[in-house]
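Each remark here refers to the structure printed beneath this line.
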Protein chains: 2
Amino acid sequence: MENIIDVLKALSDETRLRMISLLKVRELCVCDIMDTLEITQTKASRHLKNLKAVGLVTDRQQAQWVHYSIAHGADDRLLDELVDRARISEPYKSDLIRLEERRSRCGREC
Amino acid sequence: MENIIDVLKALSDETRLRMISLLKVRELCVCDIMDTLEITQTKASRHLKNLKAVGLVTDRQQAQWVHYSIAHGADDRLLDELVDRARISEPYKSDLIRLEERRSRCGREC
DNA sequence: TTCGTATATTCGAATATGCGAATATGTAAA
DNA sequence: TTTACATATTCGCATATTCGAATATACGAA
C-alpha cells in the first residue's frame with residue numbers, strides 16, 4: 001500500500017469512503033456504484049481512480065464493465081475500523097440498503 | 001468525537017499525524033512540538049487548532065504554556081493503528097528519537 | 001461498419017487548504 | 001508599568017481538490 005498520508009487523504013472524502021464501504025460488501029462495477037450512491041458517472045470514475053492510485057482498490061475488466069474490489073494489499077484492520085464507524089450514520093447506512101435493493105431488483109448482472 | 005470525514009481530513013496531513021504520534025507518547029506543550037518537529041510556531045499553532053477542532057486533542061493552560069494531549073473521546077483503536085503504521089518510516093520514526101533527546105536535554109520542564 | 005452502452009479523461013471554474021510574515025494576546029517576572 | 005516569552009490569529013498568496021459539462025475511448029451486438 002501507498003504512503004499513509006495519501007491513503008488517509010483518499011479515505012477522507014465522503015464519496016470515497018462510501019465507495020469503500022460498498023466494496024467491503026462485495027466486488028461492484030461502476031454502474032452499481034453510481035446507482036447506489038446516486039452520483040454522476042464522471043464523479044464515480046474520478047473517485048475510483050483516486051482509490052486505485054493509492055492502492056486501496058483494484059479493477060478487473062470484463063467486456064465493457066469494469067469491476068472494482070478492495071485491493072489485497074489494503075490494510076483490512078484500518079478499513080474495517082473506519083467502515084464500522086461510518087456505517088453507524090448516514091449516508092453510509094442507507095447506502096447498504098440501497099445496494100441490496102438494487103441487487104434484488106437487477107439480479108446478479110449489471 | 002466529530003464526524004469521521006473531518007477526523008480523517010485532520011489526520012491526513014503529515015504535520016498533524018506527526019503531532020498525534022508525539023502526543024501518544026505524552027502530553028506536550030507547543031514548544032516541545034515545535035522543537036521536536038522543527039516547524040515554525042505559526043505552523044504548530046495552526047495545526048494544533050485543527051486537531052482540537054475535530055476533537056482529537058485537548059489543551060490545558062498552565063501559566064504561559066499550553067499543554068496538549070490526546071482527547072479522551074478520541075478513537076484509540078484508530079489512532080494506535082495509524083501511529084503504529086506511521087512510525088515504521090520517516091519522519092515519524094526520527095520524531096520519537098528527537099523527542100527523547102529533547103527530554104533528556106531539557107529535563108521535565110519546558 | 002454503425003450503434004449503443006460502459007467507462008475514462010479533459011477543461012475551466014469554484015472552493016479548500018497550506019504556508020510564512022506580521023501582528024495580537026496573554027502571562028509572569030522585574 | 002515595562003519587558004520578555006509563549007502562544008494564537010490575521011493576511012495575502014500559492015497550490016490542491018472537487019465539480020459538472022463535454023468529449024473521448026473501448027467493447028459487444030447488429
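In what follows, chains are A, B, ... by sequence order, proteins preceding strands, each numbered from 1.
Taking atom CG on A:Leu51 and atom C1' on D:dT17, their separation rounds to 15 Å, with Å as the unit. Taking atom CD on A:Gln61 and atom P on C:dA8, their separation rounds to 8 Å, with Å as the unit. Summarising the geometry, the separation between NZ on B:Lys52 and C1' on D:dA8 is reported as 11 Å, rounded to the nearest angstrom. Summarising the geometry, the separation between CG on B:Asn50 and P on D:dT9 is reported as 12 Å, rounded to the nearest angstrom. Atom NZ in B:Lys49 sits roughly 16 Å away from atom P in D:dT7 (whole-Å rounding). In this entry the distance linking CG of B:Leu28 with C1' of D:dA6 reads 15 Å, nearest Å. Distance, B:Asp32 CG to D:dC5 C1': 15 Å, rounded to whole Å. The separation between B:Gln64 atom CD and C:dA29 atom C1' is 9 Å, rounded to whole Å.
Distances were taken from every side-chain heavy atom of A:Val66 (C-beta onward) to each of C:dA8, D:dC19, D:dC27; the shortest belongs to C:dA8. Side-chain atoms of A:Cys31 lie closest to C:dT7 of the nucleotides C:dT7, D:dT17, D:dT7. Nearest to the side-chain atoms of A:Asp13 among the listed nucleotides D:dC27, D:dT18, D:dT7 stands D:dT18. In the set C:dG18, D:dG28, C:dT7, the nucleotide with an atom closest to the side chain of A:Ala63 is D:dG28.
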Could you write out each protein N or O paired with an N or O of nucleotides 20-25 of chain C at a distance under 3.5 Å?
unit_1: C:dG20; atom_1: N7; unit_2: B:Arg46; atom_2: NH2; d: 3.4
unit_1: C:dG20; atom_1: O6; unit_2: B:Arg46; atom_2: NH1; d: 3.1
unit_1: C:dA22; atom_1: N6; unit_2: B:Thr42; atom_2: OG1; d: 3.2

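Residues forming a side chain to side chain donor-acceptor pair (under 3.5 Å) with B:Glu101 (at least two apart in sequence, or on another chain): none. Checked against side chain to side chain donor-acceptor pair (under 3.5 Å), B:Gln61 has no partners two or more places apart in sequence or in another chain.
Phosphate contact (OP1/OP2 of C:dC19, side-chain N/O of B:His47, threshold under 4.0 Å): present. Side-chain N/O atoms of A:Tyr68 include none lying less than 4.0 angstrom from OP1 or OP2 on C:dA6.
Of the listed residues (A:Leu17, A:Val57, A:Asp59), just one forms a side-chain contact (heavy atoms from CB on, under 4.5 Å) with A:Leu51, and that residue is A:Val57.
A heavy-atom distance below 4.5 Å is found between the side chains of B:Asn50 and B:Arg16. By the 4.5 Å heavy-atom criterion applied to side chains, B:Glu90 and B:Lys93 are counted as neighbours.
Checking side-chain atoms of A:Ser12 against main-chain N and O of A:Lys9 turns up a donor-acceptor pair under 3.5 Å.
Between the side chains of A:Arg87 and A:Ser21, at least one donor N or O sits under 3.5 Å from an acceptor N or O.
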